Amino acid sequence: MVIRIASRGSELALWQSRAVAGSLRAADPSLQVEIEVIRTTGDRIQDVPLAKIGDKGLFTKELDNALLEDQADLAVHSLKDIPTRLPDGLTLAAVTVREDPRDVVLLPPGQAGGLEALEPGARVGTSSLRRVAQLRKRRPDLELVDLRGNLNTRLAKLDRGEYDAIILAAAGVLRLGWRDRISAYLEPPRWLPAVGQGALGIVCRTDRDDIRAALAPLNDPDTAAATTAERALLRALEGGCQIPIGALGLVDEGQVYLAGLVADTDGSRILRVHQVGDVKHAAAVGRAAADELLAKGAGEILASVRARVVLAEPAAP
Ligand SMILES: NCc1[nH]cc(CCC(=O)O)c1CC(=O)O
């Protein structure tokens, strides 16, 4: 059987697609796996802050269409880029074993230290509202600057001296072989990563039983349970990437431990919750965490953030 993987063209996306191709062949050496590169809206629009584009599925829509039109058999994404509701006809068929889920600090070459070591007023590059809110809380004196582009572009901007530090997901940094550039790890649960961060999600058509069977060995049950809880939290709050929401699930001896937070973009309010439950009911653990956040006042934060997003300028085409 030939399996066609639809992939974005960035170095990270290709690394991830090749990793999945390798795992598929390892599980069934008779498989022939091909990778087809597809450009997404998120790849095309490089100069507008992500929070202003605001479209769910910015990095997934074109790949979804390739699957629905049978131009490819499966698509590999960073799970954190996959919306919590998939288009009709598509399913999240596997979640791979998680890479380090933490965020990390990168500094210009030759420098060392964490957030605490940055000078007052230092320019820190990040494009995510979640990172902005947590940074503002921890270091209100820093100057936060938007940072877009794929990982190679972001590192190049740091090395050109445009920032005093940047915040990235450890997973992408490690996959691209830049471990020695990591200057500090932002530790959970004080600092929480994005929902799904560090795991890969593999999407295919719901009616493709053959592909789902080929993908079954790639699914990691612990990662799947942890991220099911995280995604249920996000879904219950209808977060998308517009709202500062962080979450991290951990599985131990049949229990999923979920930490979650919702923040105001200025970091003035950060609401935190913890929930524990059986891995068999991981989604319920996520919904319970969302309910607890709402009970603590998350609805008010979400409404004020949404109002601000609606007022923001529309993205250029
Ligand atoms: N937002 C873009 C994105 N999507 C996935 C990753 C990294 C890999 C991962 O989290 O699995 C990144 C880069 C980053 O946030 O630093």
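Keep in mind it's a predicted model, so treat the numbers as computed, not measured. Counting starts at 1 for both ligands and their atoms, following the listed order. Note: hydrogens, waters and symmetry copies are ignored here, and every other heavy atom, side chains too, is used.
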**Contact atoms of ligand 1, heavy-atom distance to L168 under 4.0 Å** =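 In order of number, 16 (O).
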**Asked** By number and element, which atoms of ligand 1 are closer than 4.0 Å to a non-hydrogen atom of G198?
**Response**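 Result: 9 (C), 10 (O), 11 (O).
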**Asked** Between K296 and D291, does a salt bridge (charged side-chain N to carboxylate O under 4.0 Å, His left out) hold up when you go through it step by step?
**Response** CA-CA 9 Å; K296 287 188 169 178; D291 286 345; over 6 Å; no
**Request:** Decide yes or no on side-chain contact (heavy atoms from CB on, under 4.5 Å) for V2 and E34, but give the supporting numbers first.
**Result:** CA-CA 7 Å; V2 178; E34 298 167 358; 3.7 Å; yes
**Item:** A169 N/O under 3.5 Å from ligand 1 N/O
**Value:**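 Yes, A169 has an N/O under 3.5 Å of an N/O on ligand 1.
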**Request:** Ignoring angles and geometry beyond distance, decide whether Q197 reaches within less than 3.5 Å of ligand 1 through its nitrogen or oxygen atoms.
**Result:**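 No; the residue has no nitrogen or oxygen that sits under 3.5 Å from a nitrogen or oxygen of the ligand.
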**Message:** Is the contact between R131 and ligand 1 made by the side chain, the backbone, both, or neither, using heavy atoms and a 4.0 Å cut-off?
**Reply:**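 For R131, the contact with ligand 1 is made by the side chain alone.
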**Q197 side-chain N/O to P101 backbone N/O, donor-acceptor pair under 3.5 Å** =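 Here the side-chain-to-backbone pair exists.
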**Message:** Quick one, D159 with K157, criterion side-chain contact (heavy atoms from CB on, under 4.5 Å). Give me CA distance, side-chain angles, the key distance, then yes/no.
**Reply:** CA-CA 5 Å; D159 289 353; K157 286 179 177 172; over 6 Å; no
**Asked** Does ligand 1 have any atom that is closer than 4.0 Å to a heavy atom of E99?
**Response**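 The answer is no, since E99 has no heavy atom less than 4.0 Å from ligand 1.
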**Asked** In this structure, which one of R130, K80, R190, R138 forms a salt bridge (Lys or Arg N to Asp or Glu O under 4.0 Å) with D103?
**Response**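 That would be R130.
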